[in-house]
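Note sheet for the following structure.
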Protein chains: 4
Amino acid sequence: MADGRPLRADARRNRERLLSVARAAFAGEGLSVPLDEIARRAGVGPGTLYRHFPTKESLFEAIVHDRLRQILHDARARGTSTDPGEALFGFIDGLVAEARLKQDLIDALASAGVDVSPSMAVTGAGIRDAIGDLLDRAQRSDAVRPDVTIDDMMALLSGLLFALRPQSRYKADAGRLLAVLRAGLR
Amino acid sequence: MADGRPLRADARRNRERLLSVARAAFAGEGLSVPLDEIARRAGVGPGTLYRHFPTKESLFEAIVHDRLRQILHDARARGTSTDPGEALFGFIDGLVAEARLKQDLIDALASAGVDVSPSMAVTGAGIRDAIGDLLDRAQRSDAVRPDVTIDDMMALLSGLLFALRPQSRYKADAGRLLAVLRAGLR
Amino acid sequence: MADGRPLRADARRNRERLLSVARAAFAGEGLSVPLDEIARRAGVGPGTLYRHFPTKESLFEAIVHDRLRQILHDARARGTSTDPGEALFGFIDGLVAEARLKQDLIDALASAGVDVSPSMAVTGAGIRDAIGDLLDRAQRSDAVRPDVTIDDMMALLSGLLFALRPQSRYKADAGRLLAVLRAGLR
Amino acid sequence: MADGRPLRADARRNRERLLSVARAAFAGEGLSVPLDEIARRAGVGPGTLYRHFPTKESLFEAIVHDRLRQILHDARARGTSTDPGEALFGFIDGLVAEARLKQDLIDALASAGVDVSPSMAVTGAGIRDAIGDLLDRAQRSDAVRPDVTIDDMMALLSGLLFALRPQSRYKADAGRLLAVLRAGLR
DNA sequence: GATGAATGAGCATTCATTCAT
DNA sequence: AATGAATGAATGCTCATTCAT
């Protein structure tokens, strides 16, 4: 996988299917879903799953890493906006919208104590920096209260995503929660 | 345990010790800590643990149930306050403060898909009602924006507790997060 | 197992049975016999095997270590003999006799490349020293040719045990092989 | 492979490379080296390995069979010598010398319980007869003690090769071990 | 012929639960 | 009541073998 060689068509198909089945399974039933079950749902043998993801953790990582890269990309793209307040809040809106589509697992994984691998940590740190930049700019333009730190911000975002995860007991409205957050950060 | 017979003194001591060891273990290392390990740390045999908590889930429940009763009691007590805004926000402050002391597991359990037993559901519903009452009063006295629903509120609280749980990667300040929430709900 | 506490009677019985079943299975069918199979033959569940021997290697070790200790004891006991030649050759005779009774695994294990644990290495080194002492004395009393080293001696013994292991294709006579070795070492 | 068709040049090269890689891998790391690993080291896919050796055992056999043919040839060639003692001992010397070069696996395989296939058994029986002939002649010319049987001889040789296999813990000197054997057989 | 992806039975190990002491 | 040994289903992972490309 480390070399640049493209996967054979069937291998790529299996890899994609495994990832999407795993994402759904972990999101819906928790991280303890057996790998054999994921393989079964993807219509492959456990050995095939192993060929693509040699350990359970590597499967977690693959799922999370893809997502983290998207988030990082979006945060950076918004860093050049001329409206720093909207840059930050637009980013958060997008985060929430995507999370609902993708049934985000990031914090479920984090809360379950899955070790963040070095490469994930790098992407994660990149995200933190990019969001820190958005926060800074928003604070300098008086769009956000100045006492909030980047750690506060990250925690608020993780809490927001947690509150809105689809399996939640509570049928909260994403728009209202985002409005509360915007108002609170002003 | 279902009958009303009081436990022998040593049995009660064991039960308490098991609960506190289990709470710490689950909070610190996740829900997958083996029961044998919890028994060992509590200085009893696994058979003794079983006598008190016939299944792992019953141990989860016992931990959560105690806590839910406290929360319910506090929410109800504040329902008679003359300052409805402070009643709600004071309740939230207390919730956060207690959660940090008790290393709350409630949402970790919920997010891991642990089934809420009927008796827990009753207590949980009671809490929801009591908080709904606090919210109602606060909204009627214009201390809280009127569009927020009880589901929104519950989700916000779960997100807040999640954001502030001790194992979080982010060193957020509880006071600032509470301030953001207060401002946002106004 | 590390503390001095004696095992409960049933636990000891199971442990003994597991050891003897494992010894026979490994000797007869090689080291790849599944642990489940060993447990089954001993009439216990795999979990019980695990309780006594947490890894497959620890089971190997338990088998070999017992045997190594016996050998060490015998080699040392013969170190004080007044007839150094007979001390060495008597030791070898005993080794062969015991090996046939016990269906020796030592060299099967060694040949399979099982990593020798620290504690086994210590016992093994003790044996080497004790046999080295027997060899020294025998050489000083002119009972054994002086050019043979302790490494040669150990290799010869391992080859002898290998040649005489019960599963061998060849029906060699132990007495004649011992006679050849004695004559050759003179 | 069963038909007489000669292999294409590249196929023959692959076959040779696989055999030599496998010999080294099995000798160095034991028989449990995965076939995928051997294929990888030989620079071919596992499917190619399979085309040449349809089962793992057939690979073992191919390795051993080549070697057995050489041994048989040498034993027979020495059967016509005019010095029967030197014929036998020279054969043994050659056996040991070759074994060290080829990192012999024969007895490792035998001891691991690999079934000797019919074709190997034939060659093996031929070797036994040829060595039996060398032994007979040596005994009739009084170069070897008369009580030693062909089974004893085969066992001694297997033990000797075992004692001198490169992975042995003991750094024995081949010359001294051969000298001891010669002296013992006189 | 070669490649490497897929298969799936098999293995060591884990752990919630049961039960003899 | 407590203990801790035993149980056995389940899980992550391996690897000899097969087969589509």
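Just so it is clear, the structure is predicted and the values come from calculations on it, not from any experiment. Lettering follows sequence order; numbering is per chain, from 1.
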In whole Å, I'd like the distance from the CG atom of B:Leu18 to the C1' atom of F:dT3.
13 Å

Between B:Asp36 and B:Pro46, the two heavy atoms sitting closest are OD1-CB, 3.9 Å

Ring centre gap for B:Phe60 and B:Phe53 strictly below 6.0 Å
no

Closest-nucleotide ordering on DNA chain F, the 5'-leading residue of A:Lys56 and C:Asn14:
C:Asn14

Interatomic distance, D:Phe53 CZ vs E:dA2 P [rounded to whole Å]
12 Å

Whole angstrom value for the distance that separates P of F:dG12 from CZ of A:Phe26:
8 Å

In DNA chain E, stems of three or more consecutive pairs, Watson-Crick or G-U, each with both distances under 3.5 Å, turn out to be E:2-21 with F:2-21

Atom CG in A:Leu49, atom CG in A:Leu18: separation rounded to 0.5 Å?
5.0 Å

What pair of heavy atoms forms the shortest contact from A:Lys56 to A:Val33, and how long is it?
NZ-O, 3.1 Å

Residues from residues 36-46 of chain C lying under 4.0 Å of DNA chain F - heavy atoms
C:Gly43, C:Val44, C:Gly45, C:Pro46

How many Å lie between OH on A:Tyr50 and P on F:dC15, as a whole number?
7 Å

Do D:Arg165 side-chain atoms and D:Phe162 backbone N/O form a donor-acceptor pair below 3.5 Å?
yes

By nearest atom, which of the nucleotides F:dG12, E:dG1, E:dT17 is closest to the B:Thr55 side chain?
E:dT17

Would you mind reading off the distance between C:Leu49 atom CG and E:dC15 atom C1', rounded to a whole angstrom?
16 Å

Given E:dA12, F:dT7, F:dG12, which nucleotide is nearest the side-chain atoms of A:Pro34?
F:dG12

CA sep, side-chain torsions, deciding dist, call: C:Leu19, C:Leu59, side chain to side chain contact (heavy atoms under 4.5 Å, CB included)
CA-CA 8 Å; C:Leu19 275 175; C:Leu59 179 56; 4.3 Å; yes

How close or far is atom P of F:dT11 from atom CG of A:Leu59, stated in whole angstroms?
16 Å

Rounded interatomic separation in angstrom, taking CG from C:Leu31 and P from E:dC11
14 Å

Take B:Thr48 and A:Ser32, find for each the nucleotide of DNA chain F with the closest heavy atom, and name the residue whose nucleotide sits nearer the 5' end.
B:Thr48

Side chain to side chain contact (heavy atoms under 4.5 Å, CB included) assessment of A:Ile38 paired with A:Phe26:
CA-CA 9 Å; A:Ile38 288 171; A:Phe26 290 142; 3.5 Å; yes

Ignoring hydrogens, what is the shortest heavy-atom contact between B:Ala62 and B:Arg15? Give both atom names and the distance.
CB-NH2, 4.4 Å

In whole angstroms, how far is the P atom of F:dT18 from the CG atom of D:Leu35?
12 Å

So how far is it from D:Asn14 CG to D:Asp10 CG, rounded to the nearest 0.5 Å?
6.5 Å

Take D:Thr48 and D:His52, measure what side chain to side chain contact (heavy atoms under 4.5 Å, CB included) needs, and give me the verdict at the end.
CA-CA 7 Å; D:Thr48 302; D:His52 289 288; 4.1 Å; yes

So which one's nearest nucleotide on DNA chain E is more toward 5', C:Val33 or A:Gly47?
A:Gly47

Please check the phosphate of E:dG1 (OP1 and OP2 only) for any side-chain N or O of D:His52 closer than 4.0 Å.
no

Nucleotide nearest B:Arg51 when distance is taken to its side chain, options E:dG1, F:dA2, F:dC13
F:dA2

